Amino acid sequence: MEYNFRAIEKKWQEQWKASGAYKVSNESSKPKFYVLDMFPYPSGKGLHVGHPLGFIASDIYARFKRLKGYNVLHPMGYDAFGLPAEQYAIEHGIHPAVSTAQNIQNFREQLDNIGFSYDWDREVRTSEPGYYKWTQWIFLQLFNSYYDRSAQKAKSIALLVSVFEQEGNLNQECPGDSSLQFNASEWKAFTQKEQQDILMLYRLAFCGYGEVNWCEALGTVLANDEVVNGVSERGGHPVVKKKLRQWYLRITEYADRLLDGLKTIEFSEAMTEMQTNWIGKSYGAEIDFAIVSPQSSAQLTPHAAPLTVYTTRPDTIFGVDFMVVAPEHELIEKISTGEQKAAVEEYITYVKSRSDRERQAEKKISGCFTGAYAINPFNGKQIPIWISEYVLAGYGTGAIMGVPCGDERDHKFAQHFKIPITNIIGEYYNGVEANPTKDAKLENSDFLNGIVMRDAIAIVNNRLEEMGIGKKKVNYKMRDAAFSRQRYWGEPFPIQWKSGIAIPLPETELPLLLPEVDSYSPGPEGEGPLANIPEWVARELETNTMPGYAGSSWYFLRYMDPHNNETFCDRKVSDYWNQVDLYIGGTEHAVGHLLYSRLWTKVLFDLGHIGFQEPYKKLLNQGMIQGSSRFVHRLKTDPDFFVSHNLISEYDTLPIHVDVNIVDGLELDIAAFRIWKPEFANVKLLLDNNQLITSSETDLKGGRFICSAEVEKMSKSKFNTINPNDLVNKFGADTFRMYEMFLGPVDQSKPWDTKGIEGVHRFLKKLWRLFFDEIKGKLWNDEKATDEELKVLHRTIRKIEDDTERYSFNTAVSAFMICVNDLSDLKCSKREILEPLTIMLTPYAPHIAEELYHHLKNTPLFAQQRGAGGELSVLDASYPIFQEKYVTESSKEYPVSINGKVRTNINIALDATAEQVETIALSNELIQKWIEGKPVKKFIFVKGKMINVVV
RNA sequence: GCCCUGGUGGUGGAAUUGGUAGACACGCAGGACUUAAAAUCCUGUUCGCCGCAACGCGAGUGCGGGUUCAAUUCCCGCCUGGGGCACCA
């Protein structure tokens, strides 16, 4: 009987489906465990081998926990709204709902192939009305809430209104406009529109104006991704910044809580750092500088408005040699003087054509003097005001003070424009590069001279506050999250506009269904496609739709209670399942999805809808599977002539992508190549041994055609994608699952390489042969296991359990291999050993495990024990328990090194004392030889590890 | 420009992070079985040197320093692959 994986896998997949083996109940006496994958966007390209890496890891962990006696929630669904489906609709006229459904079906087939343990009854699709009804509902919660800063939590906006009626906004600083102040009677005197405009400045979901990438030629707004070098990626049309009405989420109010929450969850250090950097909390000060402009060469005119800069280093105020304001800064127009005006305008025009990204990455220093000067409030020094693209309008006040001796970028700026540099840190500054130290004693700093910079910060802050020209200020890099898109394929906002007032739809009218449209093209004036629908516009409904991250911000909750029509998720149910215990996905969502879903969770918590405020207890990042592309090299002068890679230095060639599937290692399958594309059918190939072959020749004359290789993103256009289906067909799901894990640590990025998959497949066949012999048939028996066999088993139990628990799936696979190798050597086919092994293997290779388990259990004895009709599945077996007594050793082969070099091994009892060990070791002949009679300086003995003799 | 990650045999990786570098697997070489192939099994496989061999010696975890009895692991300085950026005053 041989290992017929195709029949076995098909049989058990059907059986598990029929028996509802993966159905999960919300009620159980077992402890709960929630394992979640980042749900995929169902793209038209289908799954490639990179996708399942995380899915397999989570499936292994979920099945492992199930065997360990947990009630495990392990769902899957689709993040089904998104731009690609809309793009596809524009190009092909196919409704996004239709193409999305097709893609989902395709994904599902691929997923089913691999044998995941998802409870498909809980599937969610964010684009289904039954789902987005609740996305809209949560949006209304956000819309109807504000952030109470003193209580540090979200509260109902109705509450805020009653506060305003009693005391105005005296104790409720306005997050949208900190200068806004009114008392109770003023509030009551406002018109309804005025009141609503004010409330908008408080709401957690609010409407405002913001800049977007606008492409006039395409008549649409573009994502940053779609803009390359100031033009649209598609078509290369110019893109400009345009202000549009936008919805936002007031995530900035939650900055501190998002920061604090990181301490309560297990994210990787890198991930925590990324989120921390994104939030970007900094402590500094805002300082007002008076401005003067020369009216004539002799006369300086003061300006009414000051230049306010934000700095984290007020202690360096005497080192300020110039100011830089962002090119968008509103002051520029007022302060730039006649002589400089033209240059300033020219510079601003140049900057406008550039993206923020380009501006930041630019190595070349650019800038323009405005002609105006700021006055240092402490010593009256005139400081030139420049504009430069490296200062961004969106951060701080959009203006900085340049301290060249302490900041590298300022230093380069000063050097480039030959601005004299004031040294305030003495020998800490070497004149060549800036030194951002806080340890220097200040010099050239008036009343701060001799004070350590670190201490000077508070002194300057106090002085500025006394003078009324500065205040301490905490700043965040993070900005409020833009929450609207001028697109079709997303959730409609449940908002009507009446006389400029946003009115939420009553909950009873949810879901507000996404209407059918004739065309998916954008609406007029940068509005979304919904603006093209007369009925929609007539109802005065919002024409924007929600962004992709809306639906994914709360999907983990819907899985818990997916069919509930009364509420997004029953509170009792969310109390039971609680946080996601293990969340697996890629780092690409480090700051987007992961931050937004944390925000939504906190708001839902504040409003009392759920009982926890961090969605994910533990996050595991899977590495990216890269593609390993192959290239053939073609003569530049002759498109029908290809040169083997080892010879290209002698020719002028161009690399061309070739399908990795027709290259074995680096050797091209020439016959397959000629068939691959018709244009290659008759080409000439110069082989590695300098033999030239033409289309008619099949004899390779002992040569090979060698390709070159490069690691790139996995993508269809690079012909380096591998479809998991092909591998599953060839080797089976169990082999595929184990091979993906065997590839390396799950969190490490690596290029895909199929060539080792045979080894894993051989392992499963070898395991099979412990159970069955081709001639003798059944091998397993009920003989008593020997100590040695039990030692092999229990070592394996310890290793697999430990490795699985710490997500080291690659080493677990190798532990299985070692175990099966050992058992084969021992010719052990005893049930006592094989049964626990089979159970342990279940998370990794469920199909073969179930098959073998059933063979083992297919005896009258077990049938009797089970009773009539008793279901039997390895999925619910109990995990073998490790027993120390089988693996304890009494002695160890100690490596002995002399002066750090290992010279020999000696076997010493583990319970030997240090003195005994020293005596034994030093009397050893070989060790004596190496000591060469020299005195022993030091004898180091690390129990259970090694011995080192220093002479 | 800034941030985060990696760099170990021919290849993927192991060494649970100071304590025997190269587990496990691929590939390769040789052999057994076979008419042959597939499958399977056995042996060898970091590099260099000496040698018939056992053994032995030396080098070795990107490069150069350092700390230590002991460094893939810790520190300093470089080189380099990959990923991300709204980067921060």
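As the structure is a computational prediction, the values presented were derived from the model and not from experiment. Each chain gets a letter, A, B and so on, in the order the sequences are listed, and its residues count up from 1. Hydrogens, waters and symmetry mates play no part in the numbers below; they use all other heavy atoms, side chains included.
Taking atom C1' in both rU34(B) and rG44(B), the straight-line distance is 24 Å, to the nearest Å. Distance noted for atom C1' between rC50(B) and rG58(B): 11 Å (whole Å). Look at the C1' atom in both rC41(B) and rU46(B): the space between them is 26 Å, to the nearest Å. On the C1' atoms, rA25(B) is 16 Å away from rA15(B), given to the nearest whole Å.
Asp803(A) comes within contact range of no nucleotide atom at all, as no heavy-atom separation falls under 4.0 Å. The residue Asp410(A) sits apart from the nucleic acid: no heavy atom pair falls under 4.0 Å. Counting non-hydrogen atoms under 4.0 angstrom, Met817(A) reaches the backbone sugars and phosphates but no base. Using a 4.0 Å heavy-atom cutoff across all strands shown, Thr311(A) reaches sugar-phosphate atoms only and no base atom. At a threshold of 4.0 angstrom between heavy atoms, the contacts of Glu758(A) with the nucleic acid are absent. Contact annotation for Arg903(A): backbone-only contact, meaning every heavy-atom pair under 4.0 Å involves sugar-phosphate atoms and none involves a base. Base engagement by Val391(A) is indicated by at least one non-hydrogen atom pair under 4.0 Å involving a base atom. Residue Ile940(A) is in base contact, counting any heavy-atom pair closer than 4.0 Å across all strands shown. Here Asp407(A) lies in heavy-atom contact (under 4.0 Å) with sugar-phosphate atoms only. Using a 4.0 Å heavy-atom criterion, one finds that Pro745(A) contacts the sugar-phosphate atoms exclusively.
Taking atom CH2 on Trp752(A) and atom C1' on rG13(B), their separation rounds to 15 Å, with Å as the unit. The nearest whole Å value for the distance from the CG atom in Leu743(A) to the C1' atom in rC26(B) is 11 Å. Atom CD in Gln626(A) sits about 14 Å away from atom P in rG6(B), given to the nearest Å.
Under the Watson-Crick or G-U wobble criterion, with both distances below 3.5 Å, rG27(B) is paired with rU45(B). With a 3.5 Å ceiling on both atom-pair distances, the Watson-Crick or G-U wobble partner of rG64(B) is rC76(B). Figure legend. rG9(B) is base-paired to no nucleotide; pairs are counted as Watson-Crick or G-U wobble with both atom distances under 3.5 Å. Look at rU20(B): it lacks any Watson-Crick or wobble partner with both distances under 3.5 angstrom.
Annotation: Trp768(A) is not in aromatic contact with Phe763(A) [ring centroid separation under 6.0 Å not met]. Side-chain rings of Tyr390(A) and Phe413(A) approach one another, their centers coming within less than 6.0 Å. Aromatic ring centres of Tyr844(A) and Phe64(A) lie farther apart than the 6.0 Å criterion allows.
rG51(B) shows a glycosidic angle more than 90° from 0 and is accordingly assigned anti.
Heavy atoms from other residues, nucleotides or ligands lying under 6.0 Å from NZ of Lys438(A) number 12 at most. Remark: Lys750(A) NZ is packed, more than 12 non-hydrogen atoms of other residues, nucleotides or ligands lying under 6.0 Å away.
For the residue pair Tyr476(A) and Asp256(A), a side-chain donor N or O sits within less than 3.5 Å of a side-chain acceptor on the partner.
Of the listed nucleotides (rC3(B), rG13(B), rG19(B)), rG13(B) has the atom at the smallest distance from the side chain of Gln748(A).
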